[in-house]
Amino acid sequence: MPTSRDVVFVDGVRTPFGRSGPKGMYAETRADDLVVRVIRELMRRNPQLPPERVDEVAIAATTQIGDQGLTIGRSAAVLAGLPKSVPGYAIDRMCAGAMTAVTTVAGGIAFGAYDVAIAGGVEHMGRHPMGEGVDPNPRFLSEKLVDGSALVMGMTAENLHDRYPEIGKERADAYAVASQEKVAKAYANGRIQPDLVPMATRKAAEGWGLATEDEPPRPGTTMEGLASLKTPFRAHGHVTAGNSAGLNDGATGCVLAAADAAAELGLTPKMRLVSYAFAGVDPEVMGVGPIPSTERALRLAGLSIGDIGLIEINEAFAVQVLAFLSHFGIADDDPRVNPYGGAIAFGHPLASSGVRLMTQLAREFGENPGVRYGITTMCVGMGMGGTVIWENLAWEGGK
């Protein structure tokens, strides 16, 4: 048995992301049905892949109760019509759930335990708000293991503004406006639609609908509009609904394979996994997490940030992205960073976002054959960061 094999990203899709709450397009749609739709679309798009050759289905959810419970990787696999012989499991690393699903099954593929796996994530924040049913141990606060702000993500972002006073509200708002503009442009140029799977929706009062594009983006967002928004986490603060990702519903999924298995099956991979790393930071400033995780992933790969031609970083909060860019000496408007825009516009259904980053990076790789390496990275609740480094298989220097 081989001791280590190359792991490749074959294909990724996602549902359009919705706004959470009673008015959102998925208000009366089940979370597991979102995942089922994604799995079925992956199989439809890759007819060379026999369903019985899928060796594992790993699906992440942050709130694993209700229609996001019941070992959702296994239950969604059965509901999607995969053979009963295909196992599955659920995984949780808050915002980096889907990213961790990918790295976990990638380890199994590299080791030789799997040839092909499906990994992804789902979050229906309308049905299951972050923290629903959670009972934090009182020792966290009584023993001052963390500050009280550590459990409120918006407060951790305000803490980050304190740590990086040069990142003011105006700079964060400017970044948010640019993200909205990039998403609008990517939609206009047809860059997003190829990897969206239309999702049937239904509301008792309205009947059936079809979700074909993301609900959260606000094209036409202006600095003036953002300047007037409230700062709910701190009086006269910096963090607003406009320079943060919203509360969202959606699902993502991807097909990963060993390079030799992909060749055997006639699958066309888009990128190769080079290295990955997770790192812990003080939970009060969880937004700095991508800095040490990226430094570690680069070290493991023998690369530097200068070798990275594309960066997909999850925009939980503008300040968190700007802290990352400042650390690595990257300009706020560097064209390598989130060329299609990010979560401030698309939305951030917690556990699903990691694979959205990968799917977008894969498409950007295809359009940029001069770029060899890219990263997907994100901050994670409870004080963590995650980073995956990928190699572009369309890189013209590799031919």
Side-chain angles (χ1 to χ4, degrees), residues 14-27 29 34 95 123-126 129-130 153-154 157-158 161 167-193 195-196 198-199 201 203 206 209-233 237-252 287 312-322 332-333 335 337-350 352-353 356-357 359-360 378-379:
R14 66 179 178 90
T15 67
F17 289 169
R19 289 183 189 149
S20 294
K23 294 182 180 176
M25 60 189 184
Y26 297 135
T29 300
L34 295 173
C95 312
E123 209 73 53
H124 199 308
M125 300 178 77
M130 188 173 176
M153 296 302 105
E158 290 285 10
H161 275 288
I167 304 176
K169 182 175 181 299
E170 191 169 330
R171 191 171 157 195
D173 285 351
Y175 183 87
V177 168
S179 182
Q180 295 281 1
E181 289 172 348
K182 286 192 282 187
V183 168
K185 183 179 178 184
Y187 259 106
N189 293 336
R191 298 292 192 259
I192 306 302
Q193 296 89 330
D195 299 315
L196 292 181
M199 180 73 200
T201 64
K203 293 187 178 179
E206 299 170 21
L210 189 66
T212 57
E213 60 182 45
D214 296 304
E215 200 175 22
R218 297 180 183 274
T221 296
T222 63
M223 288 293 287
E224 295 72 29
L226 294 187
S228 64
L229 295 177
K230 295 175 181 168
T231 57
F233 303 104
H238 299 82
V239 179
T240 70
N243 58 32
S244 315
L247 303 178
N248 306 106
D249 310 329
T252 62
E312 275 291 328
I313 179 168
N314 192 46
E315 298 170 354
F317 301 94
V319 63
Q320 152 255 316
V321 178
L322 295 169
D332 294 7
D333 59 353
V337 180
N338 293 2
Y340 294 169
I344 286 172
F346 287 121
H348 173 32
L350 304 177
S352 69
S353 286
R356 177 188 67 78
L357 302 176
T359 300
Q360 286 185 201
M378 60 204 313
C379 60

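Taking 4.5 Å as the limit, some side-chain heavy atom of Met153 sits within range of a side-chain heavy atom of Phe317. Taking the side chain as every heavy atom from C-beta outward, Arg14 and Ser352 never approach each other to under 4.5 Å. Side-chain contact between Val337 and Tyr175 is present, with at least one heavy-atom pair separated by less than 4.5 Å. Contact of the Asp249 side chain with the Pro349 side chain is not registered, since no non-hydrogen atoms from C-beta on lie closer than 4.5 Å.
The backbone N or O of Thr29 lies less than 3.5 Å from a partner atom in the side chain of His124, making a donor-acceptor pair. A donor-acceptor pair under 3.5 Å is absent between the side-chain atoms of Lys185 and the main chain of Gly341, judged by distance alone. Between the side chain of Glu215 and the main chain of Met25, a donor-acceptor pair closer than 3.5 Å is present. When atom types are taken as modelled, the side chain of Thr15 and the backbone of Gly250 share no donor-acceptor pair closer than 3.5 angstrom. The main-chain N or O of Asp214 is found under 3.5 Å from a side-chain atom of Tyr187 such that the two form a donor-acceptor pair.
Considering all non-hydrogen atoms of both residues, Val183 and Gly342 come closest at CG2-N, 3.9 Å. Ala176 approaches Ile344 most closely through the heavy-atom pair CB-CG2, 3.9 Å. Of all the heavy atoms in Ala343 and Ala245, the pair that sits closest is O-CB, 3.7 Å. The two residues Ala211 and Tyr26 come nearest to each other via the heavy atoms CB-OH, 3.6 Å. The heavy-atom pair separating Pro198 from Leu210 by the smallest distance is CB-CD1, 4.1 Å. Closest approach of Ala184 and Pro219 over heavy atoms only: CB-CB, 4.3 Å.
With rounding to the nearest 0.5 Å, the separation of CG in Leu357 from CD in Glu312 is 5.5 Å. Distance CG/Leu350 to CG/Asn314: 9.5 Å, rounded to 0.5 Å. From Glu315, atom CD reaches atom SG of Cys379 across 11.0 Å, with rounding to the nearest 0.5 Å. Rounded to the nearest 0.5 angstrom, Met130 CE and Met125 CE are separated by 7.0 Å. In this structure, Asn243 CG and Gln180 CD are separated by 11.0 Å, a value rounded to the nearest 0.5 Å. One finds the OG1 atom of Thr231 at 6.5 Å from the CD atom of Glu158 (value rounded to the nearest 0.5 Å).
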Before you tell me yes or no, could you show the steps for Tyr340 and Asn189 under side chain to side chain contact (heavy atoms under 4.5 Å, CB included), namely the whole-Å CA-CA distance, both residues' side-chain angles and the distance that decides it to 0.1 Å? CA-CA 10 Å; Tyr340 294 169; Asn189 293 336; over 6 Å; no

Does the side chain to side chain contact (heavy atoms under 4.5 Å, CB included) test come out yes or no for Asn338 and Ile313, once each step is laid out? CA-CA 7 Å; Asn338 293 2; Ile313 179 168; 3.7 Å; yes

Go through the steps for Phe346 and Asn248 under the test side chain to side chain contact (heavy atoms under 4.5 Å, CB included), then give the verdict. CA-CA 9 Å; Phe346 287 121; Asn248 306 106; over 6 Å; no

Between Val177 and Leu226, is a side chain to side chain contact (heavy atoms under 4.5 Å, CB included) present by the stated rule, with each step listed? CA-CA 8 Å; Val177 168; Leu226 294 187; 3.7 Å; yes

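For the pair Arg356 and Phe17, the cation-pi criterion (under 6.0 Å, within 45° of the ring axis) is not fulfilled.
Counting heavy-atom neighbours within 6.0 Å of Glu170 CD, excluding the residue itself, gives a total of 12 or less.
For the side-chain contact (heavy atoms from CB on, under 4.5 Å) with Lys169, the lone residue among Leu229, Val319, Thr240, Val239 that qualifies is Thr240.
Using a 30° and 60° split on the angle between ring planes, His161 and His238 fall in the parallel class, below 30°.
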